[in-house]
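Step one of this worksheet: look at the structure below.
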Amino acid sequence: MSVSKKPARSLLGWETTILALVIVALLIGSTLSDAFLTGANLSNLSSNLVEVALIALTMTLIVIAAEIDLSVASIAGMCSALLGVLWAAHVPMPLAVLASLALGTLAGLFNGWLVTRLGLPSLAVTIGTLALYRGLAYALLGDRAVADFPPFWTNLGFGLVPGTQIPIPIVAFAALAVVTAVTLHATPFGRSLYAIGASELAARFAGLRVERTKLLLFTLSGLMSAFAAVIYTFRFSSARADNAAGLELAVIAAVLLGGVSIFGGRGSVTGVIGAVFLIGIIQNALTLADVPNEILTIVTGLLLILSVLGPNLAAQVKASRERQRHAAAARGGAP
Amino acid sequence: MPHRKALLAALTLALGAAALAQPALQKGITIAFLPKQVNNPYFTTAWKGGEAAIKEFAGVGKQVGPSDAGASSQVSYINTLLAQRQKAIVVSASDANALVPYLKRAMGQGVKVVTYDSDVAKDGRNLFVSQASADTIARDEVKLLARQIGNKGEIAILSATPNATNQNAWIKVMQDELKKPQYKDMKLVKIAYGNDDDQKSFTEMQGLMQAYPNLKGVISPTTVGISAAARYLSGSPYKGKVALTGLGTPNQMREFVKNGTVQGFALWNPEDLGYLASYAAAALVSGQITGKEGEKFSAGKLGQRIVGKDGVVILGPLTVFDKSNIDKFNF
């Protein structure tokens with residue numbers, strides 16, 4: 001019991017740090033510009049990061065299970081392209097949306113199948129499907145852009161909850177975030193992800209169905225990417241094959257900054273959500289303060305290096321201390 | 001003496017009438033330029049002109065923008081400019097549709113929107129300041145290349161991104177132009193996309209030469225594409241044998257014109273484009289014009305301009321740069 005509690009406590013530490021940084025960023029942002037702490041700006045800010053936030057939820061689960069999915073942005077592009085193609089072909093919108101979600105799910109299932117059935121590393125598999133799905137996106141829609149979506153649907157991506165400044169997609173995100181957090185932190189399925197991430201071999205010996213779990217994770221990731229694609233398409237009222245290009249890096253950056261170990265076995269949904277908002281707030285505040293784009297990129301880059309270094313250094317220090325203690329205990333216990 | 005007085009009176013009257021006809025430009029107008037991409041020499045030059053104009057009418061200007069040419073990154077800037085209560089946004093759109101809802105919201109809050117270089121759907125802006133008509137640009141490019149290859153042989157186009165509004169409009173006209181009888185021996189074999197990325201454009205050009213060994217000429221109607229293509233040709237056996245033309249800036253292309261890789265290329269003056277866009281924005285903010293066809297406004301050294309159909313203001317014809325004149329330009 002005491003062993004399993006330790007990583008949880010260190011995680012709590014990192015989460016607190018992220019939340020503290022969010023507050024610091026909010027404070028600095030409000031001193032940099034009067035326009036920062038306004039409802040309209042915070043509304044725009046959160047609206048801008050909703051796709052990254054959504055995909056980061058499933059990415060958190062995948063990275064905790066010591067895998068990765070680099071194809072998420074390409075899946076999103078492909079699903080956006082399909083949505084555009086179907087709408088341009090006069091398919092009713094609800095059907096077109098369902099078809100896009102189905103395509104994303106299939107794409108995720110295919111990733112999962114390659115990883116679990118062929119036993120290939122997910123890094124390699126999803127680098128491959130990153131190219132494959134983006135290629136399919138161009139095959140579907142080519143260089144066209146479909147834009148004439150009906151206002152009812154674009155409003156779902158662009159509009160606010162009536163009477164508030166809350167973007168509609170953020171409501172969907174909040175609901176999915178709660179579901180993901182409960183699943184990860186309060187169900188046997190969630191616990192099995194930590195076990196698989198910490199040691200796949202041990203998880204197998206313990207009787208966990210590793211393959212089935214991973215297959216499910218990649219499928220969910222595909223579905224979530226498709227959902228993000230639908231929101232993206234309506235938010236910009238533009239279906240294009242290059243939609244969401246490069247988004248996977250923003251997602252993975254947020255997951256790592258949120259304290260999820262790239263080696264698996266550690267992390268929390270709260271930390272990741274905090275990180276998504278932290279990056280969003282910093283970028284928004286610096287933009288409002290007219291900080292040049294180069295500086296913005298440098299700051300984001302430094303933040304990410306720190307985010308990987310920080311938790312890792314902490315873990316290493318802890319590990320070396322434990323080794324010393326074990327060594328001391330072993331010496332003490334020897335006859 | 002009475003003669004001079006009369007003259008003075010007449011002059012005052014004339015000036016007064018002119019002033020009455022059009023409200024003067026307001027002072028202190030805040031104008032933000034939002035190019036597709038910052039640190040792109042073309043947009044930097046356009047901003048130089050825009051900034052010069054803003055200085056002339058005592059406005060407050062700045063340029064902000066993303067370092068990647070994605071539409072989603074421009075949206076967050078539009079929102080930011082809205083939060084900063086800028087009076088006018090002058091934008092070159094990365095996507096003709098993606099920005100529209102956000103620009104509409106800005107216009108709803110009284111912000112004047114002018115597009116330059118690359119337009120959005122017309123209900124997303126007050127005015128579009130166009131380089132030259134798509135027609136002129138595309139037909140001039142074809143004519144320029146035809147002259148260089150003697151109206152004969154396989155040709156290709158090296159464009160920017162597959163979704164760039166202006167590029168696609170030009171390509172369409174070029175394809176139409178090539179149907180004319182005098183171009184019957186010219187065959188467009190491929191449209192390649194370099195994504196306005198230097199390396200990608202370079203390798204696309206390389207790929208074109210490998211895939212079509214009989215290629216006689218390439219049109220690259222993008223400043224990033226043409227300079228990357230010229231760099232590839234310049235170091236290859238095709239130098240001087242395969243013609244390259246398109247839209248480029250004199251500074252980027254000077255060495256390739258001088259070393260014989262490129263005979264001639266064309267461009268409007270981007271500095272004037274930015275200059276005109278600034279004046280258009282100021283005229284909108286000051287209430288001189290609303291964007292209706294036939295309205296007139298004064299654009300400093302460029303003289304009086306007329307708003308055309310669909311709120312389009314055209315800068316003018318292209319300038320062709322070759323060995324004879326390239327050293328006269330510095331941008």
Side-chain angles (χ1 to χ4, degrees), chain A residues 33-45 47-49 51-52 84 138 141-149 151 154-155 157-160 232-247 250 280 283-298, chain B residues 30 32 34-35 37-40 60-86 93-106 109 120-121 123-124 159-165 167-168 171-172 191-193 195 197:
Chain A
S33 162
D34 294 340
F36 177 76
L37 267 190
T38 57
N41 186 54
L42 295 180
S43 169
N44 289 331
L45 186 164
S47 170
N48 276 335
L49 48 75
E51 293 91 7
V52 170
Y138 278 103
L141 196 54
D143 56 4
R144 284 186 297 151
V146 179
D148 56 339
F149 298 109
T154 53
N155 192 53
F158 174 71
L160 305 173
Y232 191 104
T233 309
F234 290 143
R235 194 157 78 84
F236 295 111
S237 40
S238 183
R240 297 176 15 164
D242 66 347
N243 270 358
L247 205 73
Q283 286 181 341
N284 173 274
L286 293 183
T287 317
L288 260 184
D290 285 333
V291 169
N293 199 274
E294 305 81 76
I295 307 284
L296 208 112
T297 315
I298 292 171
Chain B
T30 49
L34 176 54
Q37 208 176 4
V38 290
N39 297 327
N40 170 322
V60 182
K62 67 173 170 186
Q63 168 161 266
V64 295
S67 44
D68 62 298
S72 54
S73 20
Q74 272 188 324
V75 163
S76 67
Y77 281 95
I78 292 172
N79 287 331
T80 306
L81 295 173
L82 201 55
Q84 290 174 334
R85 298 202 173 79
Q86 297 284 320
S94 291
D95 181 307
N97 310 301
L99 303 182
V100 172
Y102 301 89
L103 291 175
K104 272 188 186 160
R105 187 197 273 169
Q109 296 182 20
V120 295
D123 51 349
S159 178
T161 61
N163 298 297
T165 327
Q167 298 278 331
N168 289 342
I171 291 171
K172 225 174 177 173
I191 300 168
Y193 297 97
N195 288 348
D197 177 276

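Below, read A as the first sequence line, B as the second, and so on, with proteins coming before strands; counting in each chain starts at 1.
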Main-chain N/O of L288(A) paired to Q84(B) side chain as donor or acceptor, under 3.5 Å = yes
task = Carefully, step by step, assess S76(B) and N48(A) under the rule side chain to side chain donor-acceptor pair (under 3.5 Å).
result = CA-CA 7 Å; S76(B) 67; N48(A) 276 335; 4.5 Å; no
key: Residue part contacting chain B, namely of R144(A), when any heavy atom lies under 4.5 Å   = backbone
ask   = Say you draw a straight line from CG of L45(A) to CG of N79(B); how long is it, rounded to the nearest 0.5 Å?
value = 10.0 Å
request  = Select one option (side chain, backbone, both, neither) describing which atoms of R105(B) are under 4.5 Å from chain A's heavy atoms.
outcome  = side chain
query = A83(B) and N41(A): which non-hydrogen atoms are nearest, and at how many Å?
reply = CB-OD1, 4.4 Å
note = When the 4.5 angstrom heavy-atom criterion is applied to E294(A) and chain B, the contacting part is side chain
inquiry  = At a 4.5 Å cut-off on heavy atoms, which part of T38(A) comes close to chain B: side chain, backbone, both, or neither?
reply    = neither
Nearest non-hydrogen partners of S94(B) and R240(A), listed with the distance = O-NH1, 3.6 Å
Under 4.5 Å from any heavy atom of chain B - which part of T297(A) = side chain
request  = Please examine the side chains of D95(B) and F236(A), heavy atoms only from C-beta on, and report whether any two atoms are closer than 4.5 Å.
outcome  = no
ask   = Any chance CG of D290(A) has more than 12 other-residue heavy atoms, nucleotides or ligands included, within less than 6.0 Å?
value = yes
Parallel, tilted or perpendicular, as decided by the 30° and 60° cut-offs, for the rings of F158(A) and Y102(B) = perpendicular
